[in-house]
Amino acid sequence: MNSNKRPEDMQRITTKKLAESFINEQIAELKAQIGNKKVLLALSGGVDSSVVAALLIKAIGNQLTCVHVNHGLLRKGEPEQVIKVFREELGANLIYVDAVDRFLDKLAGVSDPETKRKIIGKEFIDVFAEEAKKLDGIEFLAQGTIYPDILESEDGIKAHHNVGGLPPELQFELCEPVKLLYKDEVRVVGHALGLPEGMVERQPFPGPGLGVRCVGAITRDRLEAVRESDAILREEFAAAGLQGKVWQYFTIVPDFKSTGITDGKRTYDWPVVIRAVNTRDAITATVEELSWELMKKITSRIIAEVKGVNRVLVDITPKPSGTIEWE
Ligand code: XMP
């Protein structure tokens, strides 16, 4: 698949059968493209890179090396899930890089959102490049580019290369097996490949991860409050049947405190903000109308279980005027 243009007669992949025939075609094409050479993939655990990894494992097995960089800004349980699914269940050649301290040290004291994004992006490339340099004989870089990335990069909206900016000595040939697919098709293919439901139906998650939800300068304790409250929110949304129905939902912990009372004692702690939105294209968004019952349940769990938090707020701002993320 060399062209970047989706053929007009290409059928939309909506069923398991169509997904299976796509998978079989891709396996044959990947084998022909790669031969006995080696391929490297940055595996975030997101839908696109996970589907590419699963396809490549089927096509070329251990000629693929996956690198999973834990930058400390992932959601609760994500690095563990990547290791379980890819290393333990699919037998992938997976390099797990614990870069938590490295990222959080670089981010310490940095409060400007765009500077935070730049630090995270640059550090990611540095860590990935260091791992790539340790490996011998890699000729291909696999990427989870999907068709909207190609369309947006043609329109000049964004550069589509997920790991763009690698140093010149690491310029590999690209291998992008899902680049002509839309997101919904990637999910159908992911299911047909047997990836877990939670991975395939994952809501969108920004590259800078929880870093943009720990508003202002990131501290480890406040980041933990973001991670723990996000995990509770996801659990309760799943229990209420909202997983896969609400487009994106998460928590934010702003960098201010307010007075409260717990067990008769005065507290001075952070609030957690709940944000749940629906959108088609992320350009505009409406707010999901949560039931009081659900909000009260989530509030009592967050207050009881998340350290350093004494209040829960709900953001009911549509986009515009509020962006989906707070930074
Ligand atoms: P905003 O906050 O701009 O978000 O309304 C729109 C969508 O984009 C995601 N988002 C990002 N994704 N890197 C990403 O990969 C980023 O820096 C980033 N910022 C926002 C956001 O989660 C939402 O889905």
Side-chain angles (χ1 to χ4, degrees), residues 42-52 68-76 78 103 106-107 110-125 127-128 143-153 155-165 178 182-184 186-187 199 201-216 218 223 226-227 229-231 233-234 237 242-254 273-288 314-327:
L43 178 59
S44 66
V47 188
D48 307 331
S49 65
S50 296
V51 166
V52 169
H68 178 64
V69 178
N70 181 357
H71 52 27
L73 306 167
L74 298 169
R75 288 177 291 196
K76 189 172 178 177
E78 278 183 337
F103 276 80
K106 281 256 156 61
L107 286 164
V110 180
S111 56
D112 175 64
E114 292 314 306
T115 312
K116 283 165 70 177
R117 278 194 172 76
K118 278 196 196 115
I119 291 172
I120 296 165
K122 178 181 179 301
E123 204 57 25
F124 183 87
I125 288 168
V127 172
F128 186 73
Q143 296 198 143
T145 309
I146 64 170
Y147 203 46
D149 299 331
I150 294 199
L151 297 177
E152 284 179 355
S153 72
D155 289 345
I157 297 171
K158 67 173 180 189
H160 84 265
H161 288 167
N162 299 339
V163 201
V178 298
Y182 289 99
K183 193 82 175 188
D184 52 296
V186 179
R187 293 196 207 277
M199 195 171 245
E201 293 302 331
R202 221 174 84 141
Q203 43 167 327
F205 188 59
L210 302 180
V212 292
R213 299 173 183 171
C214 187
V215 178
I218 297 169
L223 181 61
V226 181
R227 196 177 342 259
S229 56
D230 171 79
L233 186 79
R234 286 191 287 132
F237 266 50
L242 294 175
Q243 183 180 315
K245 293 208 177 111
V246 179
W247 196 79
Q248 197 173 14
Y249 45 95
F250 53 88
T251 60
I252 301 126
V253 181
V273 181
I274 294 173
R275 185 118 172 97
V277 296
N278 291 305
T279 178
R280 270 174 66 91
D281 51 16
I283 312 259
T284 62
T286 55
V287 176
E288 170 76 12
V314 180
D315 183 354
I316 58 163
T317 318
K319 177 181 180 179
S321 60
T323 49
I324 295 176
E325 304 289 347
W326 270 35
E327 287 193 331

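The model shown is predicted, which means the values in this text are computed figures rather than measured ones. Note that ligands are numbered from 1 as they come in the structure, with each ligand's atoms numbered from 1 the same way.
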What protein heavy atom is closest to [atom], reported as residue, atom name and distance in Å?
| atom | result |
| --- | --- |
| atom 4 (O) of ligand 1 | I324 CB, 3.9 Å |
| atom 20 (C) of ligand 1 | E325 CG, 3.7 Å |
| atom 15 (O) of ligand 1 | G207 N, 3.0 Å |
| atom 19 (N) of ligand 1 | R117 NH2, 3.0 Å |
| atom 8 (O) of ligand 1 | A282 CB, 5.0 Å |
| atom 23 (C) of ligand 1 | Q248 OE1, 3.4 Å |

Would [X] count as being in polar contact with ligand 1, using the rule that some N or O on each side must be under 3.5 angstrom apart?
| X | value |
| --- | --- |
| K319 | yes |
| P206 | no |
| E327 | no |

Can you name the nearest heavy-atom pair linking [X] to [Y], along with the distance?
| X | Y | value |
| --- | --- | --- |
| L233 | I274 | CD1-CG2, 3.8 Å |
| K116 | V215 | NZ-C, 4.2 Å |
| K319 | I283 | CE-O, 3.2 Å |
| G45 | R202 | O-NH1, 3.5 Å |
| W247 | N278 | N-OD1, 3.0 Å |

* To do: May I ask you to list the atoms of ligand 1 that are less than 4.0 angstrom from any heavy atom of W247?
  =>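 Close to W247: 24 (O).
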
* Find all atoms of ligand 1 within a distance of less than 4.0 Å from any non-hydrogen atom belonging to P208, and give their numbers and elements. =>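 Counting from 1, the qualifying ligand atoms are 13 (N), 16 (C), 17 (O).
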
* To do: Applying side chain to side chain contact (heavy atoms under 4.5 Å, CB included) between L73 and each of I218, V226, V212, report the one that passes.
  =>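 Single side chain to side chain contact (heavy atoms under 4.5 Å, CB included) partner of L73 among I218, V226, V212: I218.
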
* Asked: Which bit of W326 gets closer than 4.0 Å to ligand 1, counting heavy atoms only: side chain, backbone, both or neither?
  ->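 It is neither part, as no heavy atom is under 4.0 Å.
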
* To do: Return yes when atom NZ of K118 has more than 12 non-hydrogen atoms of other residues, nucleotides or ligands closer than 6.0 Å, and no otherwise.
  =>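 Incorrect, the count does not exceed 12.
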
* Asked: Does any N or O in the side chain of Q248 come within less than 3.5 Å of the main-chain N or O of P204, such that one atom is a donor and the other an acceptor?
  ->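 Yes: the side chain of Q248 pairs with the backbone of P204.
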
* To do: Return yes when at least one protein heavy atom is under 4.0 Å from atom 17 (O) of ligand 1, and no when none is.
  =>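 Yes, at least one protein heavy atom sits under 4.0 Å from atom 17 (O) of ligand 1.
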
* Specify whether Y147 and Y182 have parallel, tilted or perpendicular ring planes, treating 30° as the upper limit for parallel and 60° as the lower limit for perpendicular. =>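 Perpendicular, since the angle between the ring planes exceeds 60°.
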
